[in-house]
Amino acid sequence: MKTLLVCFLAALAAGQVLAAANQRPNIVLIFSDDHAYQAISAYGDPRKLLETPNIDRIGREGVRFDRCLVPNSICGPSRAVVLTGKYNHLNGFVNNANSRFDGSQVTFPKLLQKAGYQTAVVGKWHLISDPTGFDFWQVLPGQGIYYNPPMNRLGQTIRVDGYTTDIITDVSLEWLQKRDKSKPFLLMCQHKAPHREWAPALRHLGADGDRVYAEPPTLFDDYAGRGIAVRDQDMSIEKTFTERDAKLVAPGSLTPEQRKVWDAYYEPRNAKFRAANLSGKDLVRWRYQRYMHDYTATLRSVDESVGRILDYLAKEGLADNTVVIYSSDQGFYLGEHGWFDKRWIFEESLRTPLLIRWPGVARAGAVSRDLVSTLDFAETFLDAAGVPVPAEMQGRSLRPILQGRRPADWRTAFYYQYFEWPAPHRVRPHYGVVTDRYKLVHFFGTADDYWELYDREKDPHELRDVLRDPAYAATKADLEKELARLRRELKVPEVIPPQWLGNQGAGGKKKAKQKQDNG
Ligand code: CA
C-alpha cells in the first residue's frame, strides 16, 4: 500500500513537472534607458556607485552576462534591434534623427501575440510610430519626462501625475493584475530612467548622504594616442554638460509642491557651488559628483520597480514559469574619458547590462562572458514560447548559454555600427568588429576617414590605437577578414546612404538643435 502511494505521488510529481515544462513561460522584459553596467552592484564596479539588490537578485537566481553587446549604441535604433532581431540597416531605424519605425514589419511581440500570448508595453518607446503587436500599450511620447508625464495610452494622450519610473511600474502591475489569466503573457516594462537629465524621485534626493564618489581613472583623458573622433566629440562633462544637467535649473514639469522639495535639496547645495566659483578641473569634479548623485538616485527607483515586479510574480505563484530579463538599450559613460552619453564602439557604451532569470533553464548564479547581444533577445523569447524563429532574424536564442551548453559555433566576433552625425554629440559614424580581445574600427562618412585597432587585454581603457604597430599586423589582417565576412553575412550595404547619417546637410543645423537631447 505504502509503495503504491509512493508510486502514485512520484507519478503525480512527474506529471506536474511535465505540465510545468509544457506550459509556455511568461516573459517580463524590464528595459531601462542608458543604464551603465558600472551602476549595477552585481557587476562590481570598483567605485561602488550604488547597491541594486533587486536587479542583482535576477542575476543571483539566474545568469549574469558580462559581455552583452549592442549593434548600435543609441536609443531608438537599439530598441528596433530588440523588436526585430535584426540590424538597423535591415529594420530601417538607423538613427534618432530621421528614422521612423515601420510597424508593419515582423517583430517578436507580434509573433508571440499570434501564438496566443497577451502582450503589453509600458513606458519608453521612442520609435516615432505607434506600437504594433501589443494588446495594451501606454508609452511616453518621444524621450518622455521625469515628472507628471504626458503618455499615449492606446492612441489617447493622457497626463499622469507622479514620478515616471513609479508610474511605469504601477501601470505594468495593473495590467498584470487585469490580464486574462488563461493565457501566457509578454510584458515589456521600459523605463525612461536613468536617461538624461537624470532627474531623481523626490524621495531619493540626498539618499546618498552627500557621499563623495570615486573618479574613474580616465576622467581627465587627454585623448592622446587616438584619432580626431575622440577629441572632437561633444559629450564631455567639461564642455557639454548643461545647467539643466547639473540641476542648476529645475525641470518645468514639477508642481509647486514638488518644486519645494526639489529646491530644499538642490538650492543650498547650488548656492554653495555658485559661491565657490569653480573652474577648470575643479568644475569638472563638481559636475561629476552632481552627475553621479543624480544618475544613481534615478536608479534607486528603477531597482525598487524591479523589486515590486519580482514580488508580484512571487506572490501570484508566477515566478517559476516566468522569464525575467533586466537590460538596457545600451551602456553609458559615467565619467570615463571625461564623458557622459554613449554611441561609441568603446566598451562602456557597447556593453549593456543583461541578467536573465529563467527557472529550470538558466543556471542560478552563473556568469557568462560569451559574446551575446540585444540582437539575441527576440530569438530567445520566441524559443521560450516555442515559436519558430523567422530566418530573417540575425541573432540566436540564448537558451543553450543559459543552460551552460555554449554551442561550438557560437559567435566569436561581433559587428557594430553607428551612423548619426554630426549632432547631437559629434560622434563620427563608425563601424567595426569586436572580439573577446580586439576591436578594429573604421571611422567613415566625414573628411576624417581612418581606422583604429585596440587591444583590450593590454589596454583595458582603450587609450592606445595600435593599428600601425607591426606587432599587430597579423591580428589586423585576421580582423579585416572577420569584418568582411560579418558584413557579407549580415547584409550590410557597401555604401551607406547619406540620409542614414541623419542631421548633416542643408537645414541640418536647425534640426540638430531641436534634437539636442535625443538618444
Ligand atoms: Ca538609451
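In this chain, residues are counted from 1 in sequence order.
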Distance only, no hydrogens: is a donor on one side chain within 3.5 Å (strictly under) of an acceptor on the other, for Ser305 and Thr169?
yes
Is the backbone of Arg60 close enough, under 3.5 Å, to the side chain of Arg64 for a donor and an acceptor to pair up by distance?
no
Measure from the side-chain N and O atoms of Arg287 to the backbone N and O of Ile237, and report whether any donor-acceptor pair falls under 3.5 Å.
yes
Between Val81 and Phe93, is any pair of side-chain heavy atoms under 4.5 Å apart?
no
From Leu254 CG over to Tyr147 OH, what is the distance, rounded to the nearest 0.5 angstrom?
6.0 Å
So, Arg428 and Asp232, do they make that salt bridge, N to O below 4.0 Å?
yes
Between Gln233 and Met235, is there a donor-acceptor pair closer than 3.5 Å when you use the side chain of the first and the backbone of the second?
yes
Would you check if there is a donor-acceptor pair between the side chains of Ser78 and Asp329 at a distance under 3.5 Å?
no
Pairwise side-chain contact, Met188 with Pro109, heavy-atom cut-off 4.5 Å (strictly under):
yes
Please assess Trp125 against Gln138 for the test side chain to side chain contact (heavy atoms under 4.5 Å, CB included), listing each intermediate value before the final yes or no.
CA-CA 9 Å; Trp125 176 250; Gln138 180 168 332; over 6 Å; no
To the closest 0.5 Å, what do you measure between CD1 (Ile58) and CG (Leu354)?
10.0 Å
So, Tyr418 versus Trp344, ring centres under 6.0 angstrom or not?
no
Looking at Asp34 and Arg196, does any basic side-chain N land under 4.0 Å from a carboxylate oxygen?
no
Would you mind reporting whether Phe134 and Leu112 have side-chain heavy atoms less than 4.5 Å apart?
no
Does Lys183 make a cation-pi contact with Tyr117, if we ask for NZ or CZ under 6.0 Å from the ring centre and within 45° of the axis?
no
Where the side chain of His293 meets the backbone of Gly206, is there a donor-acceptor pair that is under 3.5 Å apart?
yes
Name of the residue among Gln289, Lys247, His204 meeting side-chain hydrogen bond (donor to acceptor under 3.5 Å, both in side chains) with Asp294
Lys247
Do the rings of Phe340 and Trp198 sit parallel, tilted or perpendicular, given the 30° and 60° boundaries?
perpendicular
Phe419: ring pair (Phe, Tyr, Trp, His ring centres under 6.0 Å) partners, not counting sequence neighbours
Trp500
Check the side chains of Thr380 and Asp376 for a donor-acceptor pair under 3.5 angstrom, ignoring hydrogens and angles.
no
When rounded to the nearest 0.5 angstrom, what is the spacing between OG1 in Thr352 and NZ in Lys342?
11.0 Å
Lys124 versus Gln143, side-chain donor and acceptor atoms under 3.5 Å
yes
Look only at the side chain of Glu336 and the backbone of Leu334, and say whether a donor-acceptor pair between them is shorter than 3.5 Å.
yes
For the backbone of Thr119 and the side chain of Asp135, can you confirm whether one donor and one acceptor N or O come within less than 3.5 Å of each other?
yes
Closest non-hydrogen atom pair, Gly62 against Ala362
CA-CB, 4.3 Å
May I ask you to decide whether Arg179 forms a salt bridge with Glu174, counting only side-chain N to carboxylate O separations under 4.0 Å?
no
Do the side chains of Ile356 and Leu402 get nearer than 4.5 Å, heavy atoms only?
yes
Is there side-chain contact between Leu90 and Gln394, with at least one heavy-atom pair below 4.5 Å?
yes
Find out whether the Lys NZ or Arg CZ of Lys192 is both under 6.0 angstrom from the six-membered ring centre of Tyr146 and within 45° of the ring's axis.
yes
Determine whether Leu127 and Leu83 make a side-chain contact, defined as any pair of heavy atoms from C-beta on separated by less than 4.5 Å.
yes
How far does CD1 of Ile40 sit from OG1 of Thr52, to the nearest 0.5 angstrom?
5.5 Å
Salt bridge check: are Arg274 and Glu267 linked by an N-O gap of less than 4.0 Å?
yes
Can you tell me if Ser373 uses its side chain to pair, donor with acceptor, with the backbone of Val70 under 3.5 Å?
no
Flag for Asp56-Ser41: side-chain donor and acceptor within less than 3.5 Å
yes
Any chance you could measure Arg79, atom CZ, to Asn96, atom CG, to the nearest 0.5 Å?
9.5 Å
Is any side-chain heavy atom of Val372 closer than 4.5 Å to one of Arg67?
no
Within the distance-only criterion (no hydrogens, no angle test), does the side chain of Tyr163 pair as donor or acceptor with the backbone N or O of Ala201 below 3.5 angstrom?
yes
So, are Arg57 and Glu61 salt-bridged, with charged N and O less than 4.0 Å apart?
yes
Tell me, please, which residues at least two apart from His35 pass ring pair (Phe, Tyr, Trp, His ring centres under 6.0 Å).
Tyr326
Distance in Å, Tyr333 OH paired with Thr218 OG1, rounded so as to fall on 0.5 Å steps:
9.5 Å
Give a yes or no on whether the backbone of Asn98 and the side-chain of Asn95 come within a donor-acceptor separation of less than 3.5 Å.
yes
Going through the checks in order, is the side chain to side chain contact (heavy atoms under 4.5 Å, CB included) test met by Gln417 and Tyr87?
CA-CA 9 Å; Gln417 56 188 13; Tyr87 273 78; 3.7 Å; yes
Taking Arg203 for the side chain and Ser301 for the main chain, is one N or O donor matched with an acceptor at less than 3.5 Å?
no
Polar side chain donor-acceptor pair, His425 to Thr240, under 3.5 angstrom:
no
Donor-acceptor pair between Tyr213 and Asp208 side chains, under 3.5 angstrom:
yes
Can you tell if the side chain of Tyr416 reaches within under 4.5 Å of the side chain of Ser73, non-hydrogen atoms only?
yes
